[in-house]
Amino acid sequence: MKCEVCGNDYDKTIEIISQGGDSHFFDSFECAIHALAPTCHHCGCRIIGHGIETDDEIYCCASCAKHSGVHQARDRV
C-alpha cells in the first residue's frame, strides 16, 4: 500500500480505521499524525496528546487556551 500523505510505497504500512469506519494507510506515525491529528486553535500545532477541549475548540495546552480567552484551563492542578 502507498502512504496517503507522502506516497511512499511501503510493505509495512500502518492501517488506521477512523471513527467513521474509513481506512487510512501510512508508512509512519509521522504521516498519520500529519493527516489525522487535530490542530490547536491558537498556535496551529498538531495535538498528539489529550489537549484542552472546550465546547467548540481544542488547544494543545492551557497556555494556548488562555491566550484564546479560556481562563479556567489548567495543565496541572
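In this chain, residues are counted from 1 in sequence order.
- Here the straight-line distance linking atom CE of Met1 with atom CG of Asn8 works out to 12.5 Å at 0.5 Å rounding.
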side-chain contact (heavy atoms from CB on, under 4.5 Å) evaluation trace for Lys2 with Phe25: CA-CA 7 Å; Lys2 285 189 176 189; Phe25 296 92; over 6 Å; no

Below 3.5 Å, can you tabulate the donor-acceptor pairs from side chains in residues 13-21 to any protein atom, sequence neighbours excluded?
unit_1, atom_1, unit_2, atom_2, d
Glu15, OE2, Ser23, OG, 2.8
Ser18, OG, Asp22, N, 3.3
Ser18, OG, Asp22, O, 3.3

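- In this structure Glu53 satisfies the side chain to side chain contact (heavy atoms under 4.5 Å, CB included) test together with Ile58, sequence neighbours excluded.
- For the side chain to side chain contact (heavy atoms under 4.5 Å, CB included) with Ile47, the lone residue among Cys64, Cys61, Cys60 that qualifies is Cys60.
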Please output the side-chain donor-acceptor pairs of residues 31-44 that fall under 3.5 Å, not counting sequence neighbours, one pair per line with the distance.
unit_1, atom_1, unit_2, atom_2, d
His41, ND1, Glu57, OE1, 2.9

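- Screening Gln72, Lys66, His67 for a side chain to side chain contact (heavy atoms under 4.5 Å, CB included) involving Val70 leaves a single residue, Gln72.
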